[in-house]
Amino acid sequence: MKYNFNDIEKKWQDYWAKNETFKASNNSDKPKYYVLDMFPYPSGAGLHVGHPLGYIASDIYARYKRHKGFNVLHPQGYDSFGLPAEQYAIQTGQHPAVTTEANITTYRRQLDQIGFSFDWSREVRTSNPEYYKWTQWIFIQLFESWYNYDSNKAEHIDSLIKMFEAEGNANVNAACDDDINPFTAEEWNAFSETDKQDILLKYRLTYLAETEVNWCPALGTVLANDEIVNGVSERGGHPVIRKKMTQWSMRISAYAERLLQGLDTIDWTDALKDIQKNWIGKSVGASVTFNVKDYDATIEVFTTRPDTIFGVSFMTLAPEHELVSQITTSEQKAEVKAYIEATAKRSERDRMADVKTISGVFTGAYAEHPFTKEPIPIWIGDYVLASYGTGAVMAVPCGDQRDYDFAKHFNIPIPNIFEGVDISEEAFASKDNVKIANSDFLDGMNYKKATKRAIFELEKIGQGEGKTNYRLRDAVFSRQRYWGEPFPVYYKDGMPQMIDEKHLPLTLPEVEKYLPTEEGEPPLGRADVWAWDTNTNTVCHSELVSESKGIYPLELNTMPGWAGSSWYFFRYMEEQAKRDEAFATEDALKYWENVDLYIGGSEHATGHLLYSRFWVKFLHDRGFVGVDEPFKKLINQGMILGTSAFVYRRITYLHINYKGLERWIPIRHFPIFESYSNGISIDKSFKNIDAENKFLDWLKFELPPLHHLKLKQLFGDDLIVDELNSLSNNEILEFLKGKIEFQHVKYHADVTFVNASDELDIEAFKNWRTEFKDADFITKEDGTFKVNREVEKMSKSKYNVVNPDDIVADYGADSLRLYEMFLGPLEQYKPWNTAGITGVHGFLKKLWKLYNDDNGSKVTDAEPTKDNLKTLHKTIKKVEEDIENFSFNTSVSTFMIAVNELTAQKCTSKEILELLLVLVSPYAPHIAEELWEQLGHNESISTAPFPEFEEKHLVESSKNYPISFNGKMRFTLELPLDMSMDEIEKTVLANEKTQEQLQGRTPKKVIVVPGKIVNIVG
RNA sequence: GCUGAAGUGGUGGAAUUGGUAGACACGUUGGACUUAAAAUCCAAUGGCCAUUAUGGCCGUGCGGGUUCAAGUCCCGCCUUCAGUACCA
């Protein structure tokens, strides 16, 4: 019997689907285990071989856990709202829902043929109204909440209102906007309803505020900080500018500390935790208030070094700081104004690219040092960011390199407040091993002590206090797009109102075009039916809007991509039948808790992975979920890179020396490609007689018609053209010879044209592009043409994309699964090379042959031999360890070794071969099922218990000791393991090979490590 | 600049707490089978030297160190990748 993988794989995929083999139950005696892949966006391009890497890893783990007796939840679904579908809609007019549906169909087909053990009965799609109903519901809960720093959690807004009614806002310790005025209970109770709502909005966890946002004109929407990479949009690479807009924001900053602390409770890589830590950016220090001299104002600054307060020699404000215009003296006004205008013009990108240039202007005003009362000049400079801290710094040039550079540049004094430190060249920024000097009461103290004392003294005079600052900003939540969740919000008197949750979902309206309106409103502004009738609680025609009739305009923005993905892992917990009741029922949430293993890319570190944690903490605070963190263990799979193929095209240059001007002119003629093996150099011009002759041959053929025209073009009007006219073709050739040089330009060739030995299928390449149709190829001597290989990101434009469909068709899903794992460690970036797949494919054939020969099954009831058992148990041990450590690449090698050994042992024992199948099954489930069935089982292998490792089969009586001399292994010696150290030493020394090595020397020392090694020194 | 990860044959990569470096594959070379090809099987394959077998020397980015013994630990560099971008 042959290993007919295509039939086998189809058979078992159908079987699993029909029998709902992988359907998880919310009631089980088994312990639960939840394995999840990061939410895929169903793009139009479909999958390439890099995409399933993480899915294969998580699938292996999920299948392993089933063998280990767990009730496994392993779902899949689609993050189906998003920009690409909308961009496509704008271009083609097709409704995003239609293209999204088509893309999902492709995705599903591709996923199915790889044999994943997903429970598809729990599929979710963020763009389904039954799903986004609950996204809208969560939004409402956020709106109805505020963050109480005293209880350190989110509470219902009613508790805040009660406090306002009873005692005003003086004692409220809340996460809120900066611009809140104090009010008493009496004042609160006297406020109008609109005023009250206006104030509450400043406390809500999602709030409407005019914020400076990242506006991307090309995409027509705002972007979050994590959606911008290097100053351009992550999707499409379009420029981004700063713009003030009224937007919904999420008060994630309230959770900064808990998001930071929570990292200690979860099993993520340090790399990922560090990224989040940096993004949250906690710094501990003090806020210090400086009085402005001769002006009734104060400047508050944040500093991490209050211990250096006596080193302040100037202050710098951000150009945007509100005080700047007020305190600038009349003499400095013109200069300051010019500077502010100049910095405002500079784009964010310019400012980022140019960190070196020092610029700033003196305002003419002075602040007063809180202790010495000395005047401190106040400058403005664009190295101070308006958006961080208070937008102002106390500059301590001796302790901060930026302040130092600024001071040097503008000749501001640099007082030294460090004992015995030289600051003539650069600032001393370290906190360690230094004592403070010239600082009054701080003299002689170290960083820690001085910091404490400085804060104490500042508090005493009421000009400062200890403070912690976070870099994490509130997240903008509005997008000016069509294809996203509509906000369940309408506007009454300009104030946002939530639609009652019982009327959800508020579904997306139809629009005739997916572009912003002429007035610049988001696409929803085009919807005819987009107003809220509070009488009927339904959507009605936009023209009917009338405050007096209770019909109000609806919100025109939609939610960002991360809305739906911030809670989807809870939705999977709930079975389809009960999804109407809640986002997930209490029972389901209680049973599944949170994700035990989450696998996905690290590119979501500061987006999805942070926002999800935020929402989960919020839902936890409000009692909607029991857990505080969504993902207990997280693994970032690395990327699979493409192995691009390059062909080298020879470009011919003619050397022209005209009136002393030397020039090389490229000649366009039919393409000539040269095999990489011929020693290609791109940078250097070089001569090659063969190619030169080829060119001259061509020229000879082309010369008569070209003769005058071409050469005239090449050599210019006044140059030797007249002479040329009188020359014969041969004379011209002679003239051109020696004036020709070549360079190579590399072109991507589609990797499908290249075989395992890097040889190009020339015919296929010629037919690929019309311009290469008549191309000439300078091959190797044996007639083959080699390409050069380089590793790059897998992408369409590089022609190195490998489609899993092709791999599955040629080698089968099991081969694909094994090979993706075999490539290397899961977390690592590694290149794909299709040629290597024959290795794992060959292994599967060998595995098949262990069970079958031409006459069918060869498995017998034979007693296993000692060697059989040893091989099996060695494999059990290693594979189990590997899976637990997510070291899937090494277990594939282990399988290969096991099959090689069992084949050599001619093992036919059912007892051995049956257990081997269970080991292999998580990795190559189709072949495992088929062989399992052949062995007489009529139930799926998927829940067969994982074999128990038994140490006794690995116990050896002797060991092949490496005998080394001065640490270098020279030979090995078989010795019994129960031999004593003394005896080992004696036996080894007595050995003739030892004596040969020693050549008469007496060893100084003999190290014997029983069971490991013998080392002879001397 | 700062933070983190990583540098091992022609290639992907193995190597438990320091204990036989290069497992397992790909590729390459030679051979078997075949009319031929594919498939399959066998052998060799880190570099250099030697060859009559046994062999010898060098080798895990570079330079030091600790140790009987270092890919692994310590110190100092270099390179690559990722994150971040004047964060006070």
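In what follows, chains carry the letters A, B, and so on, assigned in the order in which the sequence lines appear, proteins first and then strands, with residues in each chain numbered from 1.
Across B/rU20, B/rA23, B/rA88, the shortest atom-to-atom separation from the side chain of A/I1013 is found for B/rU20. Side-chain proximity of A/K1012 to B/rU17, B/rC86, B/rU40: nearest is B/rU17.
Taking side-chain N and O atoms only, A/K1005 has no distance below 4.0 Å to OP1 or OP2 of B/rA69. Phosphate proximity of B/rG13 to A/Q828: present, with a side-chain N or O under 4.0 Å from OP1 or OP2. A close approach under 4.0 Å does not occur between any side-chain nitrogen or oxygen of A/N278 and OP1 or OP2 of B/rA85. Regarding contacts with the backbone of B/rC24, every side-chain N or O of A/N889 stays at 4.0 angstrom or more from both OP1 and OP2. Between B/rC24 and A/T890, no contact under 4.0 Å exists linking OP1 or OP2 to a side-chain N or O.
Nucleic acid contact for A/K845: sugar-phosphate only, since backbone atoms but no base atoms lie under 4.0 Å from a heavy atom of the residue. Contact annotation for A/D274: backbone-only contact, meaning every heavy-atom pair under 4.0 Å involves sugar-phosphate atoms and none involves a base.
Residue side chain A/K878 does not reach the base of B/rU16 through any donor-acceptor N/O pair under 3.5 Å, judged by distance alone.
Checked against A/M794 for a side chain to side chain contact (heavy atoms under 4.5 Å, CB included), the options A/V751, A/L641, A/V49 give a single hit: A/V49.
Pairs of Watson-Crick or G-U wobble type, with distances under 3.5 Å, assemble into runs of 3 or more in RNA chain B at these ranges: B:1-7 with B:78-84, B:10-12 with B:24-26, B:27-32 with B:40-45, B:46-49 with B:55-58, B:61-65 with B:73-77.
Computed from coordinates, the A/L53 CG to B/rG12 P distance equals 17 Å when rounded to whole Å. Here B/rG13 presents its P atom at 17 Å from CZ of A/F888, a figure rounded to the nearest Å.
Contacts between residues 304-312 of chain A and RNA chain B, defined by a heavy-atom separation under 4.0 Å, are made by A/T304.
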